[in-house]
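One structure is given here, and the rest of the page talks about it.
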Amino acid sequence: MGPLSDLYRPSLSLLTDLYQLTMAHAVYKSGAWKDEAVFHLIFRRPPFASGYTVAAGLENALEYLAGLRFTEDDRAYLATLAGADGKPLFDQAFLDELGRLDLSTLEVDAVPEGTLVFPQEPLLRVKGPVAACMLAETPLLNLINFPTLVATKAARVVQAAKGEPVLEFGLRRAQGIDGAMTASRAAYLGGCAATSNVLAGKVYGIPVKGTHAHSWVMLFDEERESFQKYAEAMPNNCVFLVDTYDTLQGVKHAIEAGQWLKARGQSLLGVRLDSGDLADLSIRARKLLDDAGFPEARIYASNDLDEKIIESLKQQGAKIAVWGVGTRLVTAYDEPALGGVYKLAAVRRAGEKDWRYRVKVSEQPAKTSTPGILQVRRFETPEGFVADGIYDQERGWEGALEVINPFDPTLRWPIPEHATAHDLLVPAMRGGKIVLQGESLEQARQRVGQQLERLPAGTKRFLNAHLYPVGLEPKLQELRTKMVLEARKVAKP
């Protein structure tokens with residue numbers, strides 16, 4: 001049992017697109033049920049025009065695969081589906097086979113959560129029975145795409161805050177319960193310090209933080225009275241929202257409540273600004289707090305913040321110390337989807353030893369896939385990350401020590417001879433069981449920060465981020481080019 005099954009008790013096996021099941025049915029009917037396949041989950045461009053992307057969602061994805069079983073109830077529902085002729089869409093023999101679906105040979109290699117990743121690099125490699133691999137496609141994309149998107153947004157927001165805590169306040173604006181839970185976890189993984197989502201705090205062990213709303217202030221005849229009553233009720237959690245009426249007057253009322261707290265050995269933790277000119281108001285509020293003897297009281301800010309607004313406020317000299325980010329974080333504002341895809345790269349017929357590589361060809365270069373059983377190798381020097389190379393694990397790194405842009409073979413990046421390297425995809429599931437143990441959400445969160453420190457500064461820019469070198473190993477580039485040319489030749493009439 002894990003976080004996913006804690007939230008969703010019934011079978012989730014039907015969390016898939018119908019065409020995955022119709023393809024599986026066709027696999028069964030064609031006699032290819034025992035054939036094997038290799039698929040890779042990749043994305044084609046980074047979200048938010050970012051120079052990097054943060055891998056997330058693996059924990060739930062692995063838990064889903066480990067529990068993938070088509071129950072009697074699932075199969076009974078599928079038996080009710082009809083084709084265009086009104087007859088059953090699926091043979092009963094196929095539905096019976098679904099009930100016996102064996103994932104014991106399914107292998108998943110994955111990039112650990114919190115790893116910085118780039119376009120065309122596999123985040124997951126799935127190997128096993130072809131039907132099982134196909135049935136994994138839709139749920140894996142669903143469980144990886146959105147959290148990766150939010151974790152990346154969170155990392156950018158945290159980067160803009162320059163070490164000051166970012167609180168995720170997006171529950172009420174998230175897309176439903178699942179959207180809220182997924183976003184809270186991904187935001188914390190990306191670097192946020194806490195969430196307002198109490199259920200996420202319970203399920204995922206994330207610190208929870210919160211202040212109070214305007215409704216609390218409006219409940220009383222005077223703002224001063226509302227702050228005093230709140231201080232009496234919650235003396236160890238006093239951050240006052242000061243912009244219900246007049247912001248600076250609200251700061252003065254917060255100071256009065258703070259003096260009452262101080263006399264009783266408690267502290268005024270801070271004030272929150274939720275509207276107006278946040279830069280100017282924070283500067284003026286800071287002076288009021290300091291002059292009144294509350295230099296430790298921090299100024300919190302909210303109000304549709306994101307990384308670009310935070311960066312601008314800092315450039316304006318804002319005195320904000322804690323950033324509450326909600327809507328634009330949990331909805332991944334201005335980039336609604338990651339665009340991850342799941343592509344077949346190799347097949348092996350039942351009884352055969354060797355893999356047959358496959359390539360998808362497109363008139364759009366970015367949609368042409370890479371054949372093989374792929375691995376990603378990251379090269380680095382003491383100064384930081386240098387480049388990532390994608391290579392075929394079956395052949396190993398055969399070519400020169402350089403990486404080649406898959407869409408422009410004239411663009412090549414040599415690897416320094418003194419660079420060290422490690423492979424990013426690690427065993428995550430073997431024999432239908434999760435083997436990637438010992439990973440915690442906190443470890444993944446720390447990995448994000450550690451890897452961002454190793455990333456070139458230009459790649460972390462919000463505007464016109466520098467392209468981080470990612471390419472194919474030379475021999476794989478040759479193979480890919482040959483297969484694409486052959487596929488186009490065959491396709492000609």
Within this structure, what is the [atom1]-[atom2] distance for the pair [X] and [Y], rounded to the nearest 0.5 Å?
X: Asn145; Y: Phe43; atom1: CG; atom2: CZ; value: 10.0 Å
X: Leu269; Y: Asn236; atom1: CG; atom2: CG; value: 8.0 Å
X: Glu63; Y: Leu12; atom1: CD; atom2: CG; value: 9.0 Å
X: Asp17; Y: Leu135; atom1: CG; atom2: CG; value: 11.0 Å
X: Tyr19; Y: Thr138; atom1: OH; atom2: OG1; value: 5.0 Å
X: Glu59; Y: Leu189; atom1: CD; atom2: CG; value: 10.0 Å

Pairs in or reaching into [range]: which pass salt bridge (Lys or Arg N to Asp or Glu O under 4.0 Å), with residues at least two apart or in two chains?
range: residues 302-311; result: Lys153-Glu307, Arg156-Glu307, Asp306-Arg328
range: residues 389-405; result: Asp392-Arg395, Glu402-Arg412
range: residues 163-174; result: Glu164-Lys314

Do the non-hydrogen side-chain atoms of [X] and [Y] ever get within less than 4.5 Å of each other?
X: Tyr64; Y: Leu140; result: no
X: Val157; Y: Ile310; result: yes
X: Val126; Y: Glu107; result: no
X: Leu313; Y: Leu305; result: yes
X: Thr16; Y: Pro139; result: yes
X: Val376; Y: Asp423; result: no
X: Thr53; Y: Pro47; result: yes
X: Ile299; Y: Leu289; result: yes

Taking [X] for its side chain and [Y] for its backbone only, find out whether a donor-acceptor pair lies under 3.5 Å.
X: Gln316; Y: Ala318; value: no
X: Arg298; Y: Gly270; value: no
X: Asp74; Y: Thr71; value: yes
X: Arg430; Y: Val108; value: yes
X: Glu137; Y: Cys133; value: no
X: Thr152; Y: Thr148; value: yes
X: Ser184; Y: Ala180; value: yes

Could you list all the ring pair (Phe, Tyr, Trp, His ring centres under 6.0 Å) pairs where at least one residue sits in [range], not counting sequence neighbours?
range: residues 315-344; result: Phe39-Tyr342
range: residues 371-410; result: Phe379-Trp397, Tyr391-Trp397
range: residues 117-158; result: Phe118-Tyr468

For this session: Would you please name every residue forming a side chain to side chain contact (heavy atoms under 4.5 Å, CB included) with Pro414, sequence neighbours left out?
Result: none

Seminar exercise, completed: Residues at least two apart in sequence or cross-chain that pass side chain to side chain contact (heavy atoms under 4.5 Å, CB included) with Arg461, listed by chain then number, are His466

What closest approach, in Å, do [X] and [Y] show between heavy atoms, and which atom pair accounts for it?
X: Leu41; Y: Ile144; answer: CD2-CG2, 4.1 Å
X: Ala155; Y: Leu452; answer: CB-CD1, 4.4 Å
X: Leu476; Y: Pro371; answer: CD1-O, 3.5 Å
X: Pro147; Y: Ala186; answer: O-CB, 3.4 Å
X: Cys192; Y: Val158; answer: N-CG2, 3.7 Å
X: Ala55; Y: Leu123; answer: CB-CD2, 4.3 Å

Exercise. Can Arg454 and Glu380 be counted as an ion pair, charged N to O under 4.0 angstrom?
Worked result: yes

Between [X] and [Y], a side-chain donor and acceptor under 3.5 Å:
X: Thr410; Y: Asp408; result: yes
X: Gln451; Y: Tyr52; result: no
X: Glu383; Y: Thr381; result: yes

Exercise. Side chain to side chain contact (heavy atoms under 4.5 Å, CB included) between Phe70 and Leu21: does it pass, once the steps are laid out?
Worked result: CA-CA 11 Å; Phe70 286 86; Leu21 286 158; 4.1 Å; yes

Exercise. Do other residues, nucleotides or ligands put more than 12 heavy atoms under 6.0 Å from the NZ atom of Lys460?
Worked result: yes

Problem set entry | Over 12 foreign heavy atoms within 6.0 Å of NZ, Lys209 | no

Pairs where [range] contributes a residue and the test side chain to side chain donor-acceptor pair (under 3.5 Å) is met, not counting sequence neighbours:
range: residues 363-374; answer: Thr370-Arg480
range: residues 37-49; answer: Arg45-Glu335
range: residues 268-283; answer: Thr211-Arg272, Asp243-Ser275, Arg272-Ser302, Asp274-Ser302, Asp280-Arg284
range: residues 112-124; answer: Glu113-Arg185

For this session: Show your working on side chain to side chain contact (heavy atoms under 4.5 Å, CB included) between Asn197 and Ile206 and close with a plain yes or no.
Result: CA-CA 9 Å; Asn197 185 342; Ile206 303 172; over 6 Å; no

For this session: Tell me, with the steps shown, if Phe48 and Leu149 meet side chain to side chain contact (heavy atoms under 4.5 Å, CB included).
Result: CA-CA 9 Å; Phe48 319 114; Leu149 192 69; 3.9 Å; yes

Problem set entry | From CA spacing to verdict: side chain to side chain contact (heavy atoms under 4.5 Å, CB included), Thr182, Val330 | CA-CA 9 Å; Thr182 300; Val330 302; over 6 Å; no

